[in-house]
2 protein chains.
Amino acid sequence: MAANFTDKDDFLILPSISVDCVIFGYSENSLSVLVRNEFVPINNKINIEWKLPGNHVRRDENIYDTAARILIEQTGLEGIFVKQFQVFSNPDRLYKRPQDFEWVKPRLLDERVITVGFYSLVNIDSIKNEQLIEVAKWMNVYEVEDLMFDHNEIFDEALKKLRYDLLHEPLVFELLPDKFTLTQMQKIYEAIFNTTYDKRNYRRKVNKMPYLNPTEEIQTGVSHKPARFFTFDREIYESNRTERFDFRV
Amino acid sequence: MAANFTDKDDFLILPSISVDCVIFGYSENSLSVLVRNEFVPINNKINIEWKLPGNHVRRDENIYDTAARILIEQTGLEGIFVKQFQVFSNPDRLYKRPQDFEWVKPRLLDERVITVGFYSLVNIDSIKNEQLIEVAKWMNVYEVEDLMFDHNEIFDEALKKLRYDLLHEPLVFELLPDKFTLTQMQKIYEAIFNTTYDKRNYRRKVNKMPYLNPTEEIQTGVSHKPARFFTFDREIYESNRTERFDFRV
DNA sequence: ACAAAAGTGTTTTGGGTACACCCATGT
DNA sequence: ACATGGGTGTACCCAAAACACTTTTGT
């Protein structure tokens with residue numbers, strides 16, 4: 001059990017608890033995940049390896065504070081949606097590839113670290129590029145490479161949970177501007193579920209949602225019939241929320 | 001920051017991570033939760049206080065192992081369903097009532113403990129009473145008293161999640177024997193959701209589930225028309241699983 | 001014979017799905 | 001005038017919900 005106090009702030013840290021963030025970015029009809037690189041020595045060579053952004057929980061934080069701190073450090077974005085989705089706790093989760101453990105060992109206060117997985121959703125186009133740290137990049141979710149530790153598993157579970165939640169909670173609106181067109185909304189579902197929907201059926205469905213309000217505003221400067229903008233009314237959404245006996249199971 | 005190594009096994013424990021279990025018990029058309037008492041001194045008197053069963057994570061365990069260990073220690077039951085549902089991490093979660101903290105302090109290796117909430121489902125009638133430890137009791141979920149720490153919050157979230165999951169996953173079958181009648185199944189939903197369903201509509205619905213198989217067997221010794229027994233086929237269930245574009249939201 | 005739960009069918013209403021054309025705008 | 005995406009309606013099928021009576025057994 002290593003207990004290397006290498007940093008002056010180490011005593012502020014809970015040694016065995018971290019948060020890892022799966023930051024989903026949507027742009028141009030495709031879904032990506034934010035990863036960052038680390039320089040990992042393997043057989044006397046320095047390799048670039050990718051991992052999810054993460055950090056330890058500090059003594060004065062709850063895990064949401066930690067997730068928000070990671071988000072700010074990695075993307076410069078504040079106030080964006082985060083959601084805890086699963087704890088990953090295998091005793092050997094840092095040991096699967098020997099080089100990962102060699103890299104991480106000097107950074108640990110305890111060799112046993114349990115991590116809380118969070119996911120969050122951002123619209124890539126609303127992030128100024130200089131906000132991202134230079135070692136970060138977006139990886140398309142259908143082309144995720146080998147990540148360090150158990151981060152492929154964390155990513156897979158996050159994507160499953162994101163898709164599940166998108167069908168049951170108003171998550172789309174985290175990716176949409178305040179005023180959006182119905183086509184913008186449809187394209188997000190199509191990108192994340194990798195499918196297409198019939199426009200007429202889709203619009204009939206969302207037009208029945210009482211919390212989607214048409215505005216007076218329509219698009220300008222587009223070389224086709226301009227679309228109407230809609231807004232999402234969270235209050236109406238919350239007060240209409242109901243569960244039916246679905247057991248779609 | 002306390003670091004009191006009071007027990008010979010303390011070095012086997014992760015000081016800041018625990019698991020708390022919300023064990024739901026179903027019986028006689030009602031839903032209960034298992035709590036255990038502790039003797040807590042308040043103003044020189046010893047009071048009986050109730051809490052959820054929980055324990056620290058050991059170094060050689062993942063959190064599911066911990067949950068299973070808690071279940072065995074508290075109910076003697078092995079192999080029952082457990083599911084992690086949320087992490088509770090407020091820095092002051094052990095401090096809300098001063099007497100709770102006084103009681104817990106000598107038992108802690110670190111004053112900061114994050115807990116992973118699990119819920120599980122058992123059929124009370126299938127538990128032999130001597131399996132429960134003597135300090136445990138079942139509390140009806142509609143009459144849950146003040147619990148220690150943040151355990152009321154943990155319980156509330158567990159009940160919300162249980163209800164949500166029951167509508168989307170085949171959890172009922174954790175409470176049913178291998179062979180069950182459709183009325184037994186209906187009564188579980190009615191107890192947990194505190195409502196009633198029309199028998200004909202309910203049966204039409206479940207009769208369409210391809211993973212519910214009628215058997216040749218019928219009840220005996222009941223003083224009314226005997227009911228047919230059904231079985232749940234998990235394989236058919238898994239292969240039929242699908243998500244529709246519901247966005248019930 | 002009675003009590004007690006099992007089991008069954010019809011009607012109405014609304015949602016899911018499949019499918020093709022006209023509209024408003026910029027170039 | 002043409003290219004581009006916006007916007008609309010109909011028909012069929014199936015699911016949800018409301019509602020009442022007959023059947024089988026034990027006592």
Side-chain angles (χ1 to χ4, degrees), chain A residues 27-30 125 166-168 176-177 179-191 193 195-231 240-249, chain B residues 28-29 125 166-168 176-177 179-191 193 195-231 240-249:
Chain A
S27 172
E28 294 275 325
N29 307 339
S30 85
D125 305 322
L166 265 167
L167 294 177
H168 299 95
L176 288 165
K179 297 178 176 183
F180 52 87
T181 68
L182 297 186
T183 301
Q184 283 180 308
M185 182 176 165
Q186 181 177 352
K187 282 188 183 305
I188 292 178
Y189 278 101
E190 292 182 340
F193 289 98
T195 181
T196 57
Y197 299 109
D198 178 86
K199 191 169 35 160
R200 281 166 295 187
N201 293 336
Y202 168 79
R203 290 165 103 90
R204 187 182 7 264
K205 176 150 204 155
V206 298
N207 267 319
K208 261 177 297 193
M209 297 175 175
Y211 41 84
L212 279 189
N213 296 135
T215 68
E216 294 305 308
E217 218 172 315
I218 57 169
Q219 285 179 319
T220 54
V222 289
S223 71
H224 54 76
K225 180 169 174 179
R228 183 172 298 279
F229 286 109
F230 285 72
T231 57
N240 276 45
R241 194 188 246 290
T242 165
E243 278 290 348
R244 63 183 152 179
F245 177 57
D246 204 347
F247 195 56
R248 172 65 169 200
V249 182
Chain B
E28 293 276 323
N29 306 339
D125 305 322
L166 264 168
L167 294 178
H168 300 94
L176 289 166
K179 295 178 176 182
F180 52 87
T181 68
L182 297 185
T183 301
Q184 283 179 309
M185 181 176 165
Q186 182 178 351
K187 281 187 182 308
I188 292 178
Y189 278 101
E190 292 182 341
F193 289 98
T195 182
T196 57
Y197 300 108
D198 179 86
K199 192 170 31 159
R200 283 165 293 186
N201 292 337
Y202 168 80
R203 290 165 103 90
R204 185 178 12 261
K205 177 152 203 154
V206 299
N207 266 320
K208 261 177 297 194
M209 297 173 173
Y211 42 85
L212 280 189
N213 295 133
T215 67
E216 293 306 307
E217 218 172 316
I218 58 169
Q219 284 179 320
T220 55
V222 289
S223 71
H224 54 75
K225 178 168 174 179
R228 182 173 298 279
F229 285 109
F230 285 72
T231 56
N240 276 45
R241 194 187 244 293
T242 165
E243 277 292 346
R244 62 182 153 181
F245 178 56
D246 205 347
F247 195 56
R248 173 63 170 200
V249 182

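Lettering follows sequence order; numbering is per chain, from 1.
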- Item | Under-3.5 Å donor-acceptor pair between K199(B) side chain and dA6(C) base |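 In this structure, the two groups form a donor-acceptor pair.
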- Task: Examine the base of dT10(D) for any acceptor or donor lying under 3.5 Å from a partner atom in the side chain of R204(A), and report the outcome as yes or no.
- Result: yes
Side chain of [X], heavy atoms from C-beta onward: which of [options] has the nearest atom to it?
X: P226(A); options: dG7(C), dC19(C), dA24(C); result: dA24(C)
X: K225(A); options: dT24(D), dG26(D), dG6(D); result: dG6(D)
X: K205(B); options: dG26(D), dA6(C), dA16(D); result: dA16(D)

Whole angstroms only, please: what is the [atom1]-[atom2] distance between [X] and [N]?
X: Q186(B); N: dG7(C); atom1: CD; atom2: C1'; value: 12 Å
X: R203(B); N: dG7(C); atom1: CZ; atom2: P; value: 5 Å
X: L182(B); N: dG7(C); atom1: CG; atom2: P; value: 7 Å
X: F230(B); N: dA6(C); atom1: CZ; atom2: P; value: 12 Å
X: Y202(A); N: dG6(D); atom1: OH; atom2: P; value: 11 Å
X: N201(B); N: dT8(C); atom1: CG; atom2: C1'; value: 12 Å
X: F229(B); N: dG7(C); atom1: CZ; atom2: P; value: 10 Å
X: D198(B); N: dC21(D); atom1: CG; atom2: C1'; value: 13 Å

- Quick one: list whatever passes salt bridge (Lys or Arg N to Asp or Glu O under 4.0 Å) with E190(B), sequence neighbours left out.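 Result, salt bridge (Lys or Arg N to Asp or Glu O under 4.0 Å) vs E190(B): none returned.
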- Task: Could you tell me whether the side chains of R204(B) and N201(B) share a donor-acceptor contact shorter than 3.5 Å?
- Result: yes
- Message: So R228(A), base contact, sugar-phosphate only, or nothing? Heavy-atom distance under 4.0 Å.
- Response: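 Sugar-phosphate contact only - R228(A) comes under 4.0 Å of backbone atoms but never of a base.
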- Can you name the nearest heavy-atom pair linking N29(A) to A191(A), along with the distance?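 It is O-CB, 3.4 Å.
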- Message: Closer than 3.5 angstrom, by distance alone: can the side chain of Q219(B) be matched with the main-chain N or O of A227(B) as a donor-acceptor pair?
- Response: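 Indeed, once roles are kept as given, a pair shorter than 3.5 Å links the two residues.
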- Per nearest nucleotide of DNA chain C, the residue lying toward the 5' end, K208(A) or T220(A), is K208(A)
- Short side-chain N/O contact to dG5(D) OP1/OP2 from T183(A), under 4.0 Å: no
- Does R200(A) make a side-chain N or O approach to OP1 or OP2 of dA18(C) shorter than 4.0 Å?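 Looking at the OP1 and OP2 atoms of dA18(C), neither is under 4.0 Å from any side-chain N or O of R200(A).
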- Item | Parallel, tilted or perpendicular: rings of Y197(B) and Y189(B) (30°, 60°) | perpendicular
- Task: Between I218(B) and I218(A), just flag the one whose closest nucleotide in DNA chain D comes earlier from the 5' side.
- Result: I218(A)
